[in-house]
Amino acid sequence: MIPMLDLKREYGYLKDRIDAALERVLTHQCWIMGPEVKELETRIAEFIGTEHAIGVASGTDALVLALRALALKRKRAEHWSPEDEIITTPFTFTATGDSILRAGATPVFVDIDPETFNIDPALVRAAVNEHTVGVIPVHLYGQACRMDEICLLARQHRLFVVEDVAQAFGASYEGVKCGAWGDAGAFSFFPSKNLGSFGDGGVVTTHDAELAALVEQLRKHGGKDKYNVEVLGYNSRLDTLQAAIVLAKLDCIDEFNKRRQQIAGQYSRELSGLVKVPASPQDGNHVFHQYTVRVRRENGLGRDAVAGRLKQEGVSSMVYYPVPLHRMKVFRDRQLVAGRLEESERATAEVLSLPIGPTLTDVEVGRVVAAVRSAASEVRSQTSEIGYQRPEHAD
Ligand SMILES: *Cc1c(COP(=O)(O)O)cnc(C)c1O
């Protein structure tokens with residue numbers, strides 16, 4: 001079976017570096033905020049092009065701490081309040097939306113651009129009102145949002161921008177890295193991300209010294225030091241062992257992202273007549289954390305039937321994401337929805353992500369292509385039986 005991402009093979013490739021990095025930590029035994037944490041923060045700030053980077057316990061915490069630091073900075077309040085609206089996309093991982101709730105604000109979901117699956121800046125503009133405090137663009141699947149438009153709009157309305165960069169380490173827009181455009185960038189080192197650790201971890205990037213100091217304070221219980229606690233914080237430090245692993249992988253991130261882009265190019269050339277392939281990226285604005293196609297109803301193909309056939313052929317595939325956030329119970333009664341979110345709904349019914357990763361071989365890419373080709377023709381010939389069903393949603 002070709003997995004979505006072969007972490008065992010990646011470890012094999014990096015084994016010497018990672019083992020040496022781990023051994024250094026085992027020897028110095030500085031488990032909590034050891035030297036690797038500071039070193040990684042320095043290297044990431046340099047790589048992304050921000051003044052500051054603050055390691056935290058997860059990508060979710062990176063979002064929550066960035067949002068709470070912004071409440072402290074802009075409102076002198078520990079949390080946002082439910083009247084405060086933060087605009088984001090419903091076509092993302094849950095954490096994007098639940099971090100808004102945990103920071104005390106109300107998420108406002110606006111629809112996506114069907115070409116990129118990313119939030120549509122024109123719809124963000126239409127949703128802004130006097131309650132809006134900020135925007136969270138998500139660089140979904142590794143593709144940068146239209147950050148020039150989003151940041152211009154934010155400046156005009158004095159909104160903050162927190163970028164959700166969990167899936168896009170190393171992606172850039174107009175030559176500026178994702179995570180360096182907004183007031184803050186929130187990154188995740190969850191193992192399956194394109195820069196992953198061997199557990200949970202994350203980082204917040206920012207140009208703003210005040211915000212950086214607040215995030216640092218929040219990650220260690222809310223005090224400037226241990227016994228002068230000023231605000232309600234967290235225990236959300238980046239683990240030293242995870243920092244050591246990410247440091248070892250960071251040396252390869254450009255090489256790994258290039259290989260992902262190369263594989264994506266191969267897929268798109270081979271699959272473009274069969275399924276809807278991603279819009280061709282320019283200037284490194286897509287690092288292909290996921291390679292995601294649409295299986296459209298008009299093609300006579302059912303997405304789930306194609307996924308089933310791929311499995312029979314030994315090829316993994318995944319649906320990111322089958323349920324949009326505005327359909328989830330957790331957001332019910334505490335969300336606002338701008339418009340009908342039709343493109344987000346359609347995307348949940350049509351998307352299918354294929355295996356991609358830095359160690360996937362050309363031969364494996366060929367096997368995936370052949371499997372999609374055979375699934376497409378098979379499903380097409382059985383269309384009348386399989387049909388196309390929209391997922392049932394309880395309203
Ligand atoms: C993974 C992910 C997160 C959360 O990161 P964790 O490290 O798992 O907490 C947030 N947003 C998006 C878009 C993600 O893909």
Side-chain angles (χ1 to χ4, degrees), residues 4-5 7 40 44 53-68 86-103 107 109-110 112 116-119 134-145 147 150 161-171 178-179 181-182 184-205 215 218-219 234-239 241-243 245-246 249 260 286-292 318-326 328 330-331 344 347-348 351 353 356-357:
M4 291 301 289
L5 171 67
L7 286 174
L40 180 65
I44 284 183
I54 307 100
V56 294
S58 70
T60 306
D61 278 8
L63 287 165
V64 175
L65 269 62
L67 293 175
R68 288 205 48 207
I86 299 177
I87 298 173
T88 195
T89 165
F91 191 59
T92 179
F93 182 59
T94 330
T96 313
D98 66 48
S99 65
I100 296 174
L101 291 179
R102 267 188 277 134
F109 295 116
V110 310
I112 55 170
T116 61
F117 302 105
N118 280 334
I119 198 164
V135 188
I136 306 184
V138 181
H139 307 296
L140 200 73
Y141 304 145
Q143 180 164 26
C145 294
M147 292 310 296
I150 292 169
V161 175
V162 172
E163 296 173 70
D164 184 337
V165 209
Q167 302 188 4
F169 195 98
C178 294
W181 277 90
F187 293 80
S188 164
F189 302 135
F190 187 82
S192 68
K193 309 292 185 188
N194 72 314
L195 180 63
S197 61
F198 288 0
D200 280 305
V203 72
V204 177
T205 54
V215 170
L218 286 168
R219 85 170 158 186
Y234 305 84
N235 175 354
S236 183
R237 295 170 291 237
L238 174 59
D239 185 74
L241 279 170
Q242 303 305 340
I245 290 157
V246 176
K249 284 197 184 183
R260 285 172 180 274
H286 199 329
V287 293
F288 289 98
H289 167 64
Q290 297 296 344
Y291 181 86
T292 303
M318 289 288 277
V319 175
Y320 299 114
Y321 293 92
V323 180
L325 268 50
H326 63 282
M328 290 184 183
V330 62
F331 297 108
S344 301
T348 60
V351 290
S353 299
I356 195 163

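Computed from a prediction, not measured in an experiment: that's the story for all the values here. This chain uses plain numbering: 1 for the first residue, then up along the sequence. All ligand and atom numbering here is 1-based and tracks the order in the structure.
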For this session: Among residues two or more places apart or on two chains, list those pairs meeting side-chain hydrogen bond (donor to acceptor under 3.5 Å, both in side chains) that have a residue in residues 193-202.
Result: Asn194-Asn257, Ser197-Gln242
For this session: Check side chain to side chain contact (heavy atoms under 4.5 Å, CB included) between Thr88 and all other residues, then give those that pass, not counting sequence neighbours.
Result: Thr96, Ile100, Phe109, Ile136, Val138
Exercise. Where the side chain of Thr205 meets the backbone of Gly179, is there a donor-acceptor pair that is under 3.5 Å apart?
Worked result: yes
Problem set entry | Side-chain heavy atoms of Val351 within contact of Tyr320, under 4.5 Å | no
Can you produce the list of protein nitrogen or oxygen atoms under 3.5 Å from a nitrogen or oxygen of ligand 1, alongside each distance?
from     : atom 1 : to     : atom 2 : distance (Å)
ligand 1 : 5 (O)  : Ser188 : OG     : 3.3
ligand 1 : 7 (O)  : Gly59  : N      : 2.8
ligand 1 : 7 (O)  : Ser188 : OG     : 2.6
ligand 1 : 9 (O)  : Gly59  : N      : 3.3
ligand 1 : 9 (O)  : Thr60  : N      : 2.8
ligand 1 : 9 (O)  : Thr60  : OG1    : 2.5
ligand 1 : 11 (N) : Asp164 : OD1    : 3.3
ligand 1 : 11 (N) : Asp164 : OD2    : 2.7
ligand 1 : 15 (O) : Gln167 : NE2    : 2.8
ligand 1 : 15 (O) : Lys193 : NZ     : 2.6

Exercise. Going by heavy atoms in the side chains, are Thr60 and Arg102 under 4.5 Å from each other?
Worked result: yes
Exercise. Residues in side chain to side chain contact (heavy atoms under 4.5 Å, CB included) with Ala243, at least two apart?
Worked result: Glu36, Val37, Leu40, Leu238
